[in-house]
Amino acid sequence: MSEEHQKKSFSVPAHIAIIMDGNGRWAKRRGLPRNAGHKQGAKAFENICDYCQKIGVKYVTAYAFSTENWKRPQSEVDAIMELLRSYLKEASKQAKRNVRLLFLGDRKPLASDLQQLMESAERESEKNTGITVCVALNYGGRAEIAHSARELAQMAARGELDPDSIDERLFERHLYTAGIPDPDLLIRPSGELRLSNFLLWQLAYTEFVFQDVLWPDFTPAHLDQAIAQYAKRNRRFGGI
């Protein structure tokens, strides 16, 4: 644990969201195929999740594959899915480390074996009491909001719900993140300054930190720097 983190340990956010960006550029700068960047990015993800657990973060939500990423070359999509498959096949290691795994997004377009592995990983880790790692896969913030609205509309159409009873809390119960607190801190490396359709509902009062480092090079020291920035913020949530 770094000296800077020890100084800031009192202000560690409970929930950190991360847009894991820059894998392709990392590989290109080294003359490597984009798939090599995704492989290195996966290692960075595991390293950061381990560190988050050590310093007391309760939730990490990582943007792994968006609903728009299907537009990428098929070879790249296949490589990302194979990395996910490998990660899931070793999910028992997460269980042994008391990690709870959750997956956010629309699973239907994914291969059936991946869906089964995801369900198995969630089931095997559901009683773990350590850090909760949420992997956003085939996820889009707008699609998630539409999903919640559609479920509530169907309930109203069946006469199970009075439309006038719909409020923010009820709407949140039908999001992919139901039961998970909103992120305190969003980190986006790679120098990009946008949300890219990530957690549009949940980030309403989240603190943002953008860093000019590509995700495969992201280290616990970078996380400490982001937390140090977060610690200086005055979170008023609309108050004074």
Side-chain angles (χ1 to χ4, degrees), residues 1-2 4-6 8-9 11-23 26 37-66 80-105 114 117-139 176-177 179-190 198-199 202-203 206-207 209 211 213-228 230:
M1 187 179 295
S2 73
E4 181 171 8
H5 173 70
Q6 290 175 347
K8 297 294 183 180
S9 60
S11 57
V12 170
H15 186 176
I16 298 176
I18 304 173
I19 299 176
M20 302 186 294
D21 191 22
N23 293 343
W26 182 90
H38 293 305
K39 188 172 183 179
Q40 189 65 29
K43 292 179 181 178
F45 169 63
E46 291 198 44
N47 187 30
I48 291 302
C49 287
D50 287 345
Y51 185 67
C52 282
Q53 173 144 294
K54 288 177 183 177
I55 64 176
V57 177
K58 300 300 183 184
Y59 297 85
V60 169
T61 298
Y63 206 5
F65 190 85
S66 77
I80 292 171
M81 294 302 163
E82 193 54 42
L83 280 172
L84 172 64
R85 192 172 277 109
S86 297
Y87 176 74
L88 288 170
K89 287 179 178 178
E90 297 184 357
S92 59
K93 293 181 180 179
Q94 307 292 341
K96 290 178 182 177
R97 286 159 36 211
N98 202 25
V99 174
R100 180 187 176 208
L101 284 174
L102 292 175
F103 295 90
L104 314 178
L114 281 177
L117 286 168
M118 291 161 69
E119 291 170 7
S120 176
E122 287 180 329
R123 185 173 58 253
E124 290 177 4
S125 67
E126 64 182 352
K127 294 182 180 179
N128 289 349
T129 57
I131 191 171
T132 296
V133 175
C134 306
V135 180
L137 186 67
N138 194 34
Y139 173 89
Y176 296 132
T177 53
I180 300 170
D182 290 342
D184 301 292
L185 169 64
L186 168 75
I187 300 171
R188 179 164 191 164
S190 86
F198 185 48
L199 299 178
Q202 297 86 345
L203 295 178
T206 299
E207 298 296 326
V209 172
Q211 293 172 297
V213 55
L214 300 178
W215 175 249
D217 289 328
F218 196 90
T219 66
H222 293 108
L223 186 69
D224 280 345
Q225 292 167 11
I227 292 175
Y230 168 85

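If you're wondering where the values come from, they're calculated on a predicted model, not measured in any experiment.
- Electrostatic pairing of Glu82 and Arg85 counts as a salt bridge here, judged by a charged N lying under 4.0 Å from a carboxylate O.
- Heavy atoms only, all atoms of each residue included: Val12 and Gly56 are closest at CG1-C, 4.3 Å.
- A pairwise comparison of heavy atoms in Asp184 and Ala14 identifies OD2-N, 3.1 Å as the closest pair.
- Residue Leu83 holds its CG atom at 10.0 Å from NZ of Lys43, rounded to the nearest 0.5 Å.
- Applying side-chain contact (heavy atoms from CB on, under 4.5 Å) to His15 and the options Leu185, Val60, Thr61 leaves one that passes, Thr61.
- Looking only at side-chain heavy atoms (C-beta outward), Tyr139 and Phe103 stay at 4.5 Å or farther from each other.
- Heavy-atom minimum distance, Ala17 versus Leu199: CB-CD1, 3.9 Å.
- Taken from NZ in Lys89 to CG in Leu117, the straight-line distance is 7.0 Å, to the nearest 0.5 Å.
- Here Phe218 contributes atom CZ and Asn47 contributes atom CG; the two are 10.5 Å apart, rounded to the nearest 0.5 Å.
- Between the side chains of Gln202 and Thr206, no donor-acceptor pair is found at a separation under 3.5 Å.
- Remark: the backbone N or O of Tyr230 is not paired with any side-chain donor or acceptor of Glu207 at under 3.5 angstrom.
- Residues Ile16 and Leu223 form a side-chain contact, since some pair of their non-hydrogen atoms from C-beta on lies under 4.5 Å apart.
- Between Cys134 and Thr177, the closest side-chain pair of non-hydrogen atoms is not below 4.5 Å.
- Gly41 approaches Trp215 most closely through the heavy-atom pair O-NE1, 2.9 Å.
- Judged purely by distance below 3.5 Å, without hydrogens or angles, the side chains of Thr129 and Asn98 pair a donor atom with an acceptor atom.
- Atoms NZ and CD1, on Lys58 and Ile131 in that order, are 9.0 Å from each other to the nearest 0.5 Å.
- Across all non-hydrogen atoms, the minimal contact from Ser125 to Leu101 is OG-N, 3.0 Å.
- In plain terms, the two heavy atoms of Ile187 and Gln211 that are nearest each other are CG2-OE1, 3.3 Å.
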